[in-house]
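Right, one structure below, let's go through it.
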Amino acid sequence: MSTTQKSQTPSKARPVTAPEIQARKNGQKITCMTAYDYSSGMIVDQAGMDVVLVGDSLAMVILGHEDTLSVTMDEMIHHTRATSRGVKHALLVGDMPFMSYTTVDKAVDNAGRFISEGRAKAVKLEGGVSVAPQIKAIVDAGIPVMGHVGLTPQHVARFGGFKAQGKSAEAARALVEDAQAVEEAGAFAVVLEAIPVEVAELITKAVNIPTIGIGAGNVTDGQILVYHDVLGLFDRFTPKFVRQYAELGKTSTEALSTYCTNVQQGHFPGDKNTIYMSDDQVGQIRKIKIKKKK
Ligand code: KIV
């Protein structure tokens with residue numbers, strides 16, 4: 001499909017479920033996008049996306065932090081709940097923030113908050129073998145889980161920056177084991193971030209759940225990108241794997257600067273933006289004598 005073609009008209013059918021996404025392994029590609037509030041959730045949903053992720057990337061693109069480590073559970077719940085009001089069709093996934101799933105009990109409690117307070121229908125968390133017990137416990141509690149392996153931004157300090165992972169055969173083997181552990185623990189899908197396409201292909205063949213790529217080439221069962229990257233709203237850091245489909249940041253700045261000039265030059269508001277009284281009321285108001293206060 002060319003970049004100028006539109007996706008299918010979004011279905012008005014009932015909401016997408018996690019089992020339906022899981023069943024799309026090797027089927028129609030799964031489309032996913034992040035969103036962080038009511039209006040972006042509505043825009044992404046109406047574009048026909050299968051999955052909307054309230055990503056912890058909101059720490060960077062919404063809250064202005066340097067990385068994803070500072071966003072709190074309360075902030076994630078606040079944004080997930082707002083997004084849920086705009087998403088009617090896509091599967092809404094809440095992203096568990098850094099340190100919110102360090103133990104099994106903590107993981108289940110916090111995943112529960114995403115569902116009951118945030119109104120998400122599933123959660124995502126980062127890691128493989130090391131978080132398999134948490135994934136299993138959350139799934140056992142009845143909450144669908146999406147895994148995330150490869151470049152897991154919550155481990156940025158250990159990686160020494162936002163660097164592609166799995167570039168050696170040994171590292172690739174470890175990533176396959178991570179993805180398999182995520183599957184075995186009961187996840188319905190797994191995100192593969194910033195890994196060589198060869199490794200993404202290996203993992204996609206090695207697991208029975210859909211793989212959702214971001215910087216993992218065109219071999220995965222679906223794709224996910226960050227809303228602000230796709231729409232050109234965030235230029236502080238643009239990974240190579242992003243394709244920008246619009247320049248809304250630039251367009252917005254230009255529009256707002258025109259508004260500034262219009263106000264300064266007295267061209268806004270115009271007639272169309274002004275509320276007028278009826279003629280008879282204007283007649284009445286002119287009869288009112290008003291004394292200026294001293
Ligand atoms: O937080 C996020 O936006 C993510 C996606 C990039 C997968 O985790």
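Each ligand, and each atom within it, is numbered from 1 in the order the structure gives. The first residue of the sequence shown is numbered 1, and numbering continues consecutively from there. None of the values given here were measured: they were computed from a predicted structure.
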Identity and distance of the protein heavy atom lying nearest atom 6 (C) of ligand 1: Ile214 CD1, 3.5 Å

Note: Arg24-Asp50 ion pair, threshold 4.0 Å (strictly below): yes

Location of contacts on Thr34 toward ligand 1, heavy atoms closer than 4.0 Å: side chain

Backbone or side-chain N or O of Glu193 under 3.5 Å from ligand 1 N or O: no

Donor-acceptor contact below 3.5 Å, side chain Gln154 vs main chain Met96: yes

Atoms of ligand 1, numbered as shown, that sit under 4.0 Å from any heavy atom of Lys124: 8 (O)

Proximal ligand 1 atoms for Gly55, defined as those under 4.0 Å from one of its heavy atoms: 1 (O), 2 (C), 3 (O)

Proximal ligand 1 atoms for Leu53, defined as those under 4.0 Å from one of its heavy atoms: 2 (C), 4 (C), 5 (C), 7 (C), 8 (O)

Any Val149 side-chain heavy atom under 4.5 Å of Leu192 side chain: yes

Electrostatic pair Arg81:Asp37 at N-O distance under 4.0 angstrom: no

contact_flag Glu126 ligand 1 heavy-atom lt 4.0 Å: no

Side-chain heavy atoms of Val52 within contact of Met33, under 4.5 Å: no

Ion pair Lys205/Glu201, N-O distance below 4.0 Å: yes

Atom 3 (O) of ligand 1: nearest protein contact (heavy atom, Å): Ser57 OG, 2.6 Å

Tyr227-Tyr36 aromatic ring centre distance below 6.0 Å: no

Side chain, backbone, both or neither: the part of Thr68 lying under 4.0 Å from ligand 1 by heavy atom: neither

